[in-house]
Asker: 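Structure provided below as structure tokens; questions to follow.
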Amino acid sequence: MHTAEPLLALRGVSRSFPAGEDSVTVLRDVDLDIGAGEMVAIVGPSGSGKSTLMNLLGCLDQPSTGSYRIAGQDTRTLDDDQLARLRREHFGFVFQRYHLLGDLDAQDNVAMPAVYAGTPPAARAARARALLERLGLPHRIGYRPAQLSGGQQQRVSIARALMNGGQVILADEPTGALDSASGEEVLGILEALNAAGHTVILVTHDMQVAAHARRVVEISDGRIVADRRAAPSAAAAPARIEAGAAALPAAGAGRHGAAAWPRLAEAGRMAAIAMRAHKLRTLLTMLGIIIGIASVVSVVALGEGSRQRILQDISAIGTNTIEVYPGAGFGDERAARVQTLNTRDADALAGQPFVASVSPGVSASRSVRYRNVSATASIAGVGAGYADVRGLTLAAGRWFGEDAVGLRAQQAVIDDNTRKAFFASAQQAVGKILVLGNVPCRVVGVTAPKQSTFGGNDSLTVWIPYTTAMTRLLGQNYLKSITVRVADDVPTAAAQAAIESLLQRRHGRSDFYVNNMDTIRQTIESTSATMTLLISLIAVISLLVGGIGVMNIMLVSVTERTREIGVRMAVGARPGDIRVQFLLEAALVCLTGGIGGVLLAGLGRLAFTVFADGFPMVFSAAAVSGALLCSTAIGVLFGFLPARNAARMKPIDALARE
Ligand code: ADP
Ligand code: MG
């Protein structure tokens, strides 16, 4: 620093504040020089402008007119970051109300200025502890402000002022809230600091307090009315601070390696502390995100689960299967009256070189009776190869064979629901005689229970040879369907075209329609893609709503924590530091909410597997990480406005609000 200039020099400084239409001038034409190492008391009645002057001296505020030079440098040429650096590296503030952060313990409060200076955590902690010991608080290091007396809090705040060196200590009514004994103690400390070389500026309305300084500047109604210097007193100032100074870890060690990452980590820690300090509010803030993410993840998992199960079913049937039905297409009402599809068609198809096997099908609903129990079942007349074509497995017995089909045998295979309706076990069912309509049939096989896609299906199905069904049960000579299994080396699409043209030729018109499993699979794939898109859209909307909730609370939180922002700025936080802190907090709240949502969805799945037996939910890593990424992005997006508001605050406005 330049030696010819006084350390602090105000020239023609005025400060006025807007008040409604016009403005009030609080300081008028102030000239003041303060040299390095001085101890100056600024006295005056309440409202005379002392604090305003102090804020100007500490670069918390800037003059409306006039100049302020610090060691020869005009503060008008400095931007917000440079002013923050001045506060951080050269000034230390001591406030009447201490302005400690209630969520941090004594050590963290003291160490805060070093965070913004980029001091490594270990060095920071060591110096903070040493300072607290030096100030007589070795046993209060882990205490929160609320657990400390006023005098102790003020000593913590003095330690904070010294954290980065505290070349100039600015104390605004430091004894104003203290009893006289603690007040004397604090003044003693300030004197000792002055004796140790610190420049001390003490603001007070109390002449007795002012008497501790050798220079007294009197201010009245915004003007300096007196500037007295006492003769140097013979009594040496107490030197107990100085005595231990050598033992203190250096201020700002490693400061110049101040990288962005440690500061980011620190902001993350602060965000976590803030979240922990307001658990309920944080939880409520997250709720929208939790519910949004949980529902999105569940619905996506459910969609994926049922899609996979349907595709599994299809692949069990095989994609080289083609179904032929009477009528013009799915849902054709006249299809039931179309009677042109018959066994001769089936035989003709079976004779084609590209066909591996054919299973004709008929169906009807009939009552089924065993002794005195009866129920209604769907009776399906099918071929011997039907179980293979459909991927059905048997729990007991066997499927009826080609011989049974040829002989119109009265044999039946029943599904698990039918078995449950009449018999205690599958083994017991085999060999029994069921009466279908009025046709008795022997049960030869029971299928294994089939996992259905959604919940349970409780309809009863009985399969009998199609020949039996057509002649003995239904008395009809036309078919409900023909299932064709295409030979392995033939493309399904070509086979389908050949089948269509063959039947067209046989019938002379197109009174049938053809489905192949591959097109059904494609339809399901594209339908589920559409569903996923739709769900994602709803997800985005619900997350937006959640995000707006977060933004709302964060805006309130910024207002509520104005004083904290002010304190952080006073100890040298850059606007960017404040912005990152709030942005990170919003992102962290949302990320935590996202994690909570994923956990909730997992819990929901667990509940479903316990109570609803096999609800198909498939959590993919992509969906989960997508959800977390999305929630974090929402936090950053909606935290932006609150964070910007916080960073734009002027330190003086932030501190003024109490
Ligand atoms: P002191 O610290 O000497 O009691 P202050 O410097 O706090 O006095 O305030 C001096 C005058 O300036 C008071 O009348 C106060 O109302 C006014 N004042 C201080 N800050 C502001 C502000 N930000 N806006 C408007 N008026 C202010
Ligand atoms: Mg004041």
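We use all heavy atoms of the structure for the numbers below, so side chains are in, but hydrogens, waters and symmetry mates are not. Note that ligands are numbered from 1 as they come in the structure, with each ligand's atoms numbered from 1 the same way. Along the sequence shown, the residues carry numbers beginning at 1. Keep in mind that this is a model prediction, so the values were computed, not measured.
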Asker: Hey, is atom 21 (C) of ligand 1 under 4.0 Å from any protein heavy atom?
Answerer: yes
Asker: How close do Glu266 and Arg124 get, counting heavy atoms only, and between which atoms?
Answerer: OE1-NH2, 2.8 Å
Asker: I need the single residue from Arg87, Arg574, Lys650, Arg579 that forms a salt bridge (charged side-chain N to carboxylate O under 4.0 Å, His left out) with Asp80. Which is it?
Answerer: Lys650
Asker: Quick check against the 3.5 Å criterion: does Lys50 have a side-chain atom that pairs as donor or acceptor with the backbone of Pro45?
Answerer: yes
Asker: Taking the six-membered ring for Trp, are Phe95 and His99 parallel (under 30°), tilted (30 to 60°) or perpendicular (over 60°)?
Answerer: tilted
Asker: For residues 17-26, tabulate all N or O donor-acceptor pairs below 3.5 Å that involve a side-chain atom, not counting sequence neighbours.
Answerer:
none

Asker: Does the pair Gln73 and Gln82 meet the rule for a side chain to side chain donor-acceptor pair (under 3.5 Å), with working shown?
Answerer: CA-CA 12 Å; Gln73 178 154 46; Gln82 288 167 315; over 6 Å; no
Asker: Which of the atoms of ligand 1 are close to Ser46, meaning less than 4.0 Å from one of its heavy atoms?
Answerer: 4 (O)
Asker: Return a yes/no value for Asp653: is any of its N or O atoms, backbone included, closer than 3.5 angstrom to an N or O of ligand 1?
Answerer: no
Asker: Is there a protein heavy atom at a distance of less than 4.0 Å from atom 16 (O) of ligand 1?
Answerer: no
Asker: Is there a donor-acceptor contact under 3.5 Å linking the side chains of Ser182 and Asp179?
Answerer: yes
Asker: Can you figure out which of Thr52, Val24, Thr204 has its heavy atom closest to atom 6 (O) of ligand 1?
Answerer: Thr52
Asker: Among all protein heavy atoms, pick out the one at the shortest distance from atom 2 (O) of ligand 1; state its residue, atom name and that distance to 0.1 Å.
Answerer: Ser51 OG, 2.7 Å
Asker: How far is atom 27 (C) of ligand 1 from the closest protein heavy atom, and which atom is that?
Answerer: Phe17 CD1, 3.5 Å
Asker: Tell me: protein heavy atom nearest atom 8 (O) of ligand 1, and distance?
Answerer: Gly49 N, 3.4 Å
Asker: So is there a nitrogen or oxygen of Gly47 less than 3.5 Å from a nitrogen or oxygen in ligand 1?
Answerer: yes
Asker: Under 2.8 Å from the Mg ion (ligand 2), which protein N, O or S atoms do you find? Ignore water molecules.
Answerer: Ser51 OG
Asker: Are the charged groups of Arg15 and Asp61 less than 4.0 angstrom apart, N to O?
Answerer: yes
Asker: For Gly547 versus Ile634, what's the shortest heavy-atom pair and its separation?
Answerer: CA-CG2, 3.5 Å
Asker: With side chain to side chain donor-acceptor pair (under 3.5 Å) as the criterion, how do Asp172 and Ser51 come out once you've worked through the C-alpha distance, each side chain's angles and the decisive distance to 0.1 Å?
Answerer: CA-CA 7 Å; Asp172 192 348; Ser51 294; 2.8 Å; yes
Asker: Measuring from atom 11 (C) of ligand 1, which candidate in Ile219, Asp221, Thr25, Val26 has the nearest non-hydrogen atom?
Answerer: Val26
Asker: If the test is side chain to side chain donor-acceptor pair (under 3.5 Å), which one of Arg215, Arg214, His198 qualifies with Glu38?
Answerer: Arg215
Asker: For ligand 1, is Ala19 a contact, meaning one of its heavy atoms is under 4.0 Å away?
Answerer: no
